[in-house]
*Asks:* 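I'd like to ask you about the structure that follows.
Residue numbers start at 1 and run along the sequence shown.
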Amino acid sequence: MPYQHHGKPMSFLDVAENHDVFLDHACGGVCACTTCHLWIKDQQGISPADDDELDRMDMAADQQLNSRLGCQASSPAPATTWSRFQVERNYVTEGKPLALAEESKSMRSSGTC
């Protein structure tokens, strides 16, 4: 699989983008946000986090011991299991409170918007 500059080479983001799997990434994969925050169930074989990623993860919502940024974590093992985090801190801090976003989404789905 060719590297397509979606984060680090063979990162979870790069692999997802190359296989048409949506993984949100507001900064383009340059470790400048936490929208590609993942919970990686088995860290064996995953690249170690560097200082930039660790600094950025300090801003991630609901950080866990298995939290990583999809644009930075890479794995040569194709069967690694990971889960996508649903609510990013970036969404809330960019001026759109989560409660208003959910209300807007329910209004759109009911056709009142």
Side-chain angles (χ1 to χ4, degrees):
M1 174 180 64
Y3 171 51
Q4 297 294 319
H5 303 286
H6 303 291
K8 289 186 175 179
M10 291 300 292
S11 66
F12 286 87
L13 176 62
D14 190 42
V15 171
E17 287 290 311
N18 280 304
H19 290 282
D20 296 321
V21 175
F22 178 75
L23 179 58
D24 198 10
H25 55 287
C27 71
V30 297
C31 195
C33 70
T34 60
T35 52
C36 64
H37 177 195
L38 303 173
W39 294 332
I40 302 175
K41 293 180 181 182
D42 182 4
Q43 297 272 337
Q44 186 174 10
I46 305 296
S47 62
D50 60 19
D51 289 340
D52 289 339
E53 181 182 3
L54 295 172
D55 289 344
R56 183 59 56 192
M57 284 304 298
D58 285 342
M59 297 169 40
D62 203 14
Q63 188 182 112
Q64 298 182 6
L65 291 175
N66 61 349
S67 289
R68 292 294 303 274
L69 294 180
C71 66
Q72 301 299 299
S74 61
S75 171
T80 301
T81 304
W82 55 279
S83 299
R84 177 73 179 96
F85 186 59
Q86 297 300 314
V87 181
E88 294 82 19
R89 174 181 273 183
N90 292 27
Y91 190 74
V92 177
T93 61
E94 289 172 357
K96 192 170 193 181
L98 188 58
L100 292 177
E102 291 300 319
E103 180 180 295
S104 173
K105 186 163 89 173
S106 69
M107 287 173 64
R108 277 181 284 173
S109 65
S110 67
T112 59
C113 198

*Asks:* May I have the step-by-step check of side-chain hydrogen bond (donor to acceptor under 3.5 Å, both in side chains) for Ser11 and His6, ending in yes or no?
*Replies:* CA-CA 8 Å; Ser11 66; His6 303 291; over 6 Å; no
*Asks:* Can you tell me how far CD of Gln72 sits from SG of Cys36, rounded to the nearest 0.5 angstrom?
*Replies:*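 The SG atom of Cys36 sits 7.5 Å away from the CD atom of Gln72.
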*Asks:* Does Asn66 reach the side chain of Gln43, with side-chain heavy atoms less than 4.5 Å apart?
*Replies:*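 Yes - at least one pair of side-chain heavy atoms lies under 4.5 Å apart.
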*Asks:* Take Lys8 and Cys31 through the test side-chain contact (heavy atoms from CB on, under 4.5 Å) and record every step on the way to the result.
*Replies:* CA-CA 9 Å; Lys8 289 186 175 179; Cys31 195; over 6 Å; no
*Asks:* Which other residues belong to the hydrophobic cluster containing Leu69, where Ile, Leu, Val, Met, Phe, Trp and Tyr are joined when side-chain heavy atoms lie under 4.5 Å apart, directly or via other members?
*Replies:*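 Grouped by the 4.5 Å side-chain rule, Met57 form the rest of the cluster around Leu69.
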*Asks:* Report the residues that fulfil salt bridge (Lys or Arg N to Asp or Glu O under 4.0 Å) with Glu17, sequence neighbours left out, ordered by chain and then residue number.
*Replies:*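 Salt bridge (Lys or Arg N to Asp or Glu O under 4.0 Å) check on Glu17 returns nothing, list empty.
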*Asks:* If every non-hydrogen atom of Cys27 is compared with every non-hydrogen atom of Ala32, which pair is closest and at what distance?
*Replies:*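 Smallest interatomic distance, heavy atoms only, reads SG-N, 3.4 Å.
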*Asks:* Provide the closest heavy-atom pair for Ala49 versus Leu54 in the form atom of the first, atom of the second, distance.
*Replies:*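 Heavy atoms only, the tightest pair is CB-CD2, 3.7 Å.
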*Asks:* Within this structure, what is the CE-NE2 distance for the pair Met59 and His37, rounded to the nearest 0.5 Å?
*Replies:*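 The CE atom of Met59 sits 12.5 Å away from the NE2 atom of His37.
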*Asks:* To check you understand the geometry: which heavy-atom pair defines the closest contact between Ala73 and Ile40, and what is its length?
*Replies:*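 Shortest heavy-atom separation between Ala73 and Ile40 comes out as CB-CD1, 4.0 Å.
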*Asks:* Quick one: pull up CE in Met10 and CG in Asn18 and give me the separation to the nearest 0.5 Å.
*Replies:*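 The CE atom of Met10 sits 8.5 Å away from the CG atom of Asn18.
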*Asks:* Measure the spacing between OG of Ser74 and CD1 of Ile46 and express it to the nearest 0.5 Å.
*Replies:*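 Going from the OG atom of Ser74 to the CD1 atom of Ile46 covers 7.5 Å.
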*Asks:* Between Ala26 and Thr35, which heavy-atom pair has the shortest distance, and what is it?
*Replies:*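 Closest approach of Ala26 to Thr35: N-OG1, 2.8 Å.
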*Asks:* Sequence neighbours left out, what passes salt bridge (Lys or Arg N to Asp or Glu O under 4.0 Å) with Asp55? Give chain and number order.
*Replies:*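 Counting only residues at least two positions away or on another chain, Asp55 forms no salt bridge (Lys or Arg N to Asp or Glu O under 4.0 Å).
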*Asks:* Measure the NE2-CG distance between His25 and Leu13 for me, rounded to the nearest 0.5 Å.
*Replies:*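 It is 5.0 Å, given to the nearest 0.5 Å.
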*Asks:* Kindly compute the distance separating SG (Cys71) from CG (Leu23), expressed to the nearest 0.5 Å.
*Replies:*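 If I round to the nearest 0.5 Å, the distance is 9.0 Å.
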